Trainee: 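Sending over a structure as structure tokens; questions will come in a sec.
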Amino acid sequence: MRSKIVAGNWKMNKNLAETEVLLAELSAKLPDTKAEVMVAPTFVNLSAAVDQLKSSSIEVVAQNMHFAENGAYTGEISANMLLGIGVDTVIIGHSERRAYFGETDEILAKKVVAALGKNMRVMFCFGEELEDRKSSNHFKIVESQLKNALFSLDASAWSKIILAYEPVWAIGTGETASPEQAQEMHAFIRKTITNAYDAGIANNVSILYGGSVKPNNAVEIFSKPDVDGGLIGGAALVADDFIAIINAIA
Ligand SMILES: O=C(CO)COP(=O)(O)O
């Protein structure tokens, strides 16, 4: 059965001291929940976050990684480095990586294979841009993003995949996909996976929604049958907001 997940992508926010304060607040206020709760601080604070959350159920995940095992890739971080500090889940394919750092489907496919090869869990992000939605091309785009990065994987790899549908036009804009739009796309994603693999795999993968999820819209978005939780940006930086979003998981 697929799990419910609420994950906070902190992006390039919070220095070490600020990270410690936010994590302390989250640990203290974390409610009893059936959701898996994850936070993704920036690389330099991952190790400290792992230490601080040792006795907490909050999981620390990485925002990115390189596909190479090691070598001359200045400024990059490998799967082994993450595993070495106790981080075994990684976000791959965030739209900001695609837009600002030139990460193509081809590069992302390599990253996914590299992470899975180390037995890591992958939270794979994808989603259409505003123009795609305006031209009703959004289903095609999403289908090709999934196909290019994931559909060469063996069926067995899918137990390690979490999907995060993040329409680019809803990220950091305050504009959310309506709960109906999210449900429509999530159902389409499951149908696409069913066609590529089978219904068992499609029904077992958690599909999160991301894009301006806030305490005041989370309940409605999470109530949709194919929405298994959220990947939260801005609201994950405020303890009370993130806790309220965790509480929105039924
Ligand atoms: O990009 C996101 C999470 O990865 C969403 O960001 P916002 O919640 O700030 O829109």
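From a predicted model like this one, the values you see are computed outputs, not experimental measurements. Start at 1 and go down the list; that is how both ligands and their atoms are numbered.
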Trainee: With salt bridge (Lys or Arg N to Asp or Glu O under 4.0 Å) as the rule and sequence neighbours excluded, what pairs involving residues 47-59 come up?
Mentor: E59-R121
Trainee: Considering residues, nucleotides and ligands other than K110, do more than 12 of their heavy atoms fall under 6.0 Å from its NZ?
Mentor: no
Trainee: Is the closest side-chain donor-acceptor distance between E128 and W169 under 3.5 Å?
Mentor: yes
Trainee: Below 3.5 Å only, please: the N or O atoms of ligand 1 paired with protein N or O atoms, distance on each line.
Mentor:
from     : atom 1 : to   : atom 2 : distance (Å)
ligand 1 : 1 (O)  : K11  : NZ     : 2.7
ligand 1 : 1 (O)  : H94  : NE2    : 2.8
ligand 1 : 4 (O)  : N9   : ND2    : 3.1
ligand 1 : 4 (O)  : H94  : NE2    : 2.9
ligand 1 : 4 (O)  : E166 : OE1    : 3.2
ligand 1 : 4 (O)  : E166 : OE2    : 3.0
ligand 1 : 6 (O)  : K11  : NZ     : 3.3
ligand 1 : 8 (O)  : S212 : N      : 3.4
ligand 1 : 8 (O)  : G233 : N      : 2.9
ligand 1 : 9 (O)  : G234 : N      : 2.9
ligand 1 : 10 (O) : G172 : N      : 2.7
ligand 1 : 10 (O) : S212 : N      : 2.8

Trainee: In terms of side-chain geometry, is the basic nitrogen of D226 or K191 positioned less than 4.0 Å from the acidic oxygen of its partner?
Mentor: no
Trainee: Which hydrophobic side chains are connected to M123, either touching it within the sub-4.5 Å cutoff or through other members that do?
Mentor: I5, M38, V61, I91, I162, L208, L231
Trainee: List in chain and number order the residues that pass salt bridge (charged side-chain N to carboxylate O under 4.0 Å, His left out) with K4, two or more places apart in sequence or in another chain; answer none if no residue qualifies.
Mentor: none
